Student: 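Shown below is the structure under consideration.
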Amino acid sequence: MANAFADRFSDATRQLAAAATRANRLALENAESMFGVQLKAMERNLTATGGWLGELARSEDPAGLLPKGAQLWQDNLQRLGQAQQDVVDLGLQAGRAWSELVQGQTDTTADATGNSH
């Protein structure tokens with residue numbers, strides 16, 4: 001009897017460790033994806049702004065570039081907004097993946113210990 005309990009406990013512990021490893025991997029992949037989305041948006045905004053500032057520095061009529069600067073500002077804000085929406089979507093996807101992982105772990109643990117849920 002004690003051996004059967006020890007075996008079930010050992011199996012449940014191994015499954016929990018495997019689930020924790022998968023959860024950590026999901027968290028890391030999610031963080032990398034979110035960082036990449038934000039970095040790409042920042043890179044695009046900086047490139048566009050740098051180009052406009054270069055034009056402004058070379059221009060003989062800086063006031064004539066103000067409408068283009070206003071459009072650049074709007075485009076930059078739109079890119080940032082889209083990046084934030086993408087980050088939220090990635091967070092929701094990660095939440096669903098974690099939920100599935102927890103549900104699968106709960107089912108597996110219940111099966112391993114002989115309990116029904």
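We count residues from 1, following the sequence as given. Source: prediction; values computed, not measured.
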Student: Who pairs with K68 by salt bridge (Lys or Arg N to Asp or Glu O under 4.0 Å), at least two apart in sequence or on another chain?
Tutor: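 Result, salt bridge (Lys or Arg N to Asp or Glu O under 4.0 Å) vs K68: E55.
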
Student: Can you name the residues that form a side-chain hydrogen bond (donor to acceptor under 3.5 Å, both in side chains) with D75, not counting sequence neighbours?
Tutor: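 Residues passing side-chain hydrogen bond (donor to acceptor under 3.5 Å, both in side chains) with D75: Q71.
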
Student: Pairs in or reaching into residues 19-28: which pass side chain to side chain donor-acceptor pair (under 3.5 Å), with residues at least two apart or in two chains?
Tutor: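 Pairs touching residues 19-28 that pass the test: none.
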
Student: Can you name the side-chain hydrogen bond (donor to acceptor under 3.5 Å, both in side chains) partners of N30, sequence neighbours left out?
Tutor: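 Partners of N30 by the side-chain hydrogen bond (donor to acceptor under 3.5 Å, both in side chains) criterion come out as none, since no residue qualifies.
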
Student: Could you give all pairs that pass the side chain to side chain donor-acceptor pair (under 3.5 Å) test and reach residues 82-92, with sequence neighbours left out?
Tutor: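 Only Q82-D86 qualify under side chain to side chain donor-acceptor pair (under 3.5 Å).
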
Student: Which pairs of donor and acceptor atoms, one on a side chain in residues 36-50, lie under 3.5 Å apart (sequence neighbours left out)?
Tutor:
{"unit_1": "N45", "atom_1": "OD1", "unit_2": "R79", "atom_2": "NE", "d": "2.5"}
{"unit_1": "N45", "atom_1": "OD1", "unit_2": "R79", "atom_2": "NH2", "d": "3.3"}
{"unit_1": "N45", "atom_1": "ND2", "unit_2": "N76", "atom_2": "O", "d": "3.3"}
{"unit_1": "T47", "atom_1": "OG1", "unit_2": "E43", "atom_2": "O", "d": "2.9"}
{"unit_1": "T49", "atom_1": "OG1", "unit_2": "N45", "atom_2": "O", "d": "2.8"}
{"unit_1": "T49", "atom_1": "OG1", "unit_2": "N76", "atom_2": "ND2", "d": "3.0"}

Student: Show me, pair by pair, the donor-acceptor contacts under 3.5 angstrom made by side chains of residues 56-67, not counting sequence neighbours?
Tutor:
{"unit_1": "R58", "atom_1": "NH1", "unit_2": "G54", "atom_2": "O", "d": "3.2"}
{"unit_1": "S59", "atom_1": "OG", "unit_2": "D61", "atom_2": "N", "d": "2.9"}
{"unit_1": "S59", "atom_1": "OG", "unit_2": "D61", "atom_2": "O", "d": "3.2"}

Student: Does R14 have any side-chain hydrogen bond (donor to acceptor under 3.5 Å, both in side chains) partners at least two apart in sequence or in another chain, and if so, which?
Tutor: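 Counting only residues at least two positions away or on another chain, R14 forms a side-chain hydrogen bond (donor to acceptor under 3.5 Å, both in side chains) with S10, D11.
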
Student: Indicate every side-chain donor-acceptor pair of residues 90-102 with a distance under 3.5 Å to a residue at least two apart or in another chain.
Tutor:
{"unit_1": "W98", "atom_1": "NE1", "unit_2": "A23", "atom_2": "O", "d": "3.4"}

